[in-house]
Amino acid sequence: MIGLSLVLSAVLIVLAALHLLWALGWWFPLAEERALARAVVGARGIERMPGAVPSSMVVVALLFAAAWPWFAPSGLKTAGLAALTLVFLGRGAASYLPAWRRIVPEQPFATLDRRAYGPLCLALGAGFLILTYGALT
């Protein structure tokens, strides 16, 4: 389980670093803000990236998720792992729902969501599911 925890944490830290760059106004990997917003947010008619505060909140949430397998209080660890499982599996599944696509229809986000973001969230959710099962046994 240590290896899986390391992989999950590493992926989440990389994602947190990307969101931190965006919070600081560095449009990576696309240099043009509108193009990046359409690729990573995908909301109808989006022209600008979310501001520093919402991006920073995502950074905190991702770092919290990355740290949970390592630093969670023993009495809450399993519940937290189960919650993270539901969050990531839910977000991953949303990628394939028509209702979600109506909320975030912009391209290339819609395609990236089905091909990359959704599968990544499902993989993270599966990883947290395995950790949850391991914590129960």
Side-chain angles (χ1 to χ4, degrees):
M1 295 295 176
I2 291 175
L4 177 58
S5 295
L6 282 170
V7 169
L8 291 173
S9 294
V11 169
L12 291 167
I13 289 168
V14 168
L15 294 174
L18 272 174
H19 284 80
L20 179 59
L21 291 175
W22 300 336
L24 297 172
W26 189 21
W27 311 136
F28 176 84
L30 303 174
E32 201 262 308
E33 182 179 13
R34 181 177 182 268
L36 184 62
R38 291 174 65 90
V40 301
V41 180
R44 186 177 311 280
I46 192 157
E47 298 288 326
R48 301 181 57 94
M49 285 291 287
V53 172
S55 295
S56 297
M57 292 172 63
V58 174
V59 171
V60 170
L62 290 169
L63 291 175
F64 179 83
W68 191 261
W70 306 101
F71 301 110
S74 59
L76 296 176
K77 186 171 188 169
T78 305
L81 291 171
L84 289 167
T85 298
L86 293 175
V87 166
F88 285 108
L89 289 178
R91 171 56 185 90
S95 297
Y96 306 101
L97 298 176
W100 177 250
R101 195 57 49 226
R102 286 190 294 274
I103 297 168
V104 286
E106 296 292 346
Q107 289 293 349
F109 178 84
T111 298
L112 290 168
D113 195 31
R114 284 188 302 274
R115 293 184 183 169
Y117 309 149
L120 175 60
C121 287
L122 290 172
L124 290 167
F128 279 112
L129 179 63
I130 293 167
L131 292 182
T132 302
Y133 178 76
L136 289 171
T137 58

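Predicted, not measured: the structure shown is a model, and the values here were computed from it.
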Seminar exercise, completed: For residues 88-97, the side chain to side chain donor-acceptor pair (under 3.5 Å) pairs (sequence neighbours left out) are Arg91-Ser95, Arg91-Asp113, Ser95-Asp113
Problem set entry | Sole candidate of Glu106, Glu33, Glu32 that passes salt bridge (Lys or Arg N to Asp or Glu O under 4.0 Å) when paired with Arg38 | Glu106
Exercise. Is it the case that one hydrophobic cluster holds both Leu84 and Leu122, taking links as side-chain heavy atoms less than 4.5 Å apart, direct or via other members?
Worked result: no
Would you be so kind as to tabulate the donor-acceptor pairs closer than 3.5 Å made by side chains of residues 123-130, with sequence neighbours excluded?
none

Exercise. What distance do Leu136 atom CG and Leu131 atom CG have between them, rounded to the nearest 0.5 Å?
Worked result: 11.0 Å
Report, one line per pair, each donor and acceptor closer than 3.5 Å where one atom sits in a side chain of residues 39-52; sequence neighbours left out.
{"from": "Arg44", "atom 1": "NH2", "to": "Arg102", "atom 2": "O", "distance (Å)": "2.9"}
{"from": "Glu47", "atom 1": "OE1", "to": "Arg34", "atom 2": "NE", "distance (Å)": "2.9"}
{"from": "Glu47", "atom 1": "OE2", "to": "Arg34", "atom 2": "NE", "distance (Å)": "3.3"}

For this session: Taking all heavy atoms of Ala135 and all of Leu81, pick out the closest pair and write down the distance.
Result: CB-CD1, 4.1 Å
Exercise. In terms of hydrophobic clusters joined by side-chain contacts under 4.5 Å, are Phe109 and Leu112 together?
Worked result: yes
Cut-off 3.5 Å, no hydrogens considered: what does the side-chain donor-acceptor table look like for residues 16-28, sequence neighbours left out?
{"from": "His19", "atom 1": "ND1", "to": "Leu15", "atom 2": "O", "distance (Å)": "2.8"}
{"from": "Trp22", "atom 1": "NE1", "to": "Phe28", "atom 2": "O", "distance (Å)": "2.6"}

Exercise. Under the salt bridge (Lys or Arg N to Asp or Glu O under 4.0 Å) rule, what pairs show up with a residue in residues 54-65, not counting sequence neighbours?
Worked result: none
Exercise. With hydrophobic residues grouped by side-chain heavy-atom distances under 4.5 Å, do Leu62 and Leu4 end up in a single group?
Worked result: yes
Exercise. Can you check whether Ile13 reaches Leu63 side chain to side chain, under 4.5 Å on heavy atoms?
Worked result: yes
Problem set entry | Spatial distance of atom CG (Leu36) from atom CG (Leu30) [nearest 0.5 Å] | 5.0 Å
Seminar exercise, completed: Residue pairs passing the side chain to side chain donor-acceptor pair (under 3.5 Å) test with at least one member in residues 52-79, sequence neighbours excluded, are Ser9-Trp70
Problem set entry | CZ/Arg114: more than 12 non-hydrogen atoms of other groups inside 6.0 Å | yes
For this session: Measure across Met1 and Gly134 and return the closest heavy-atom pair with its distance rounded to 0.1 Å.
Result: CE-CA, 3.8 Å
Problem set entry | Cluster check Trp100, Phe88: I/L/V/M/F/W/Y, side chain < 4.5 angstrom | no
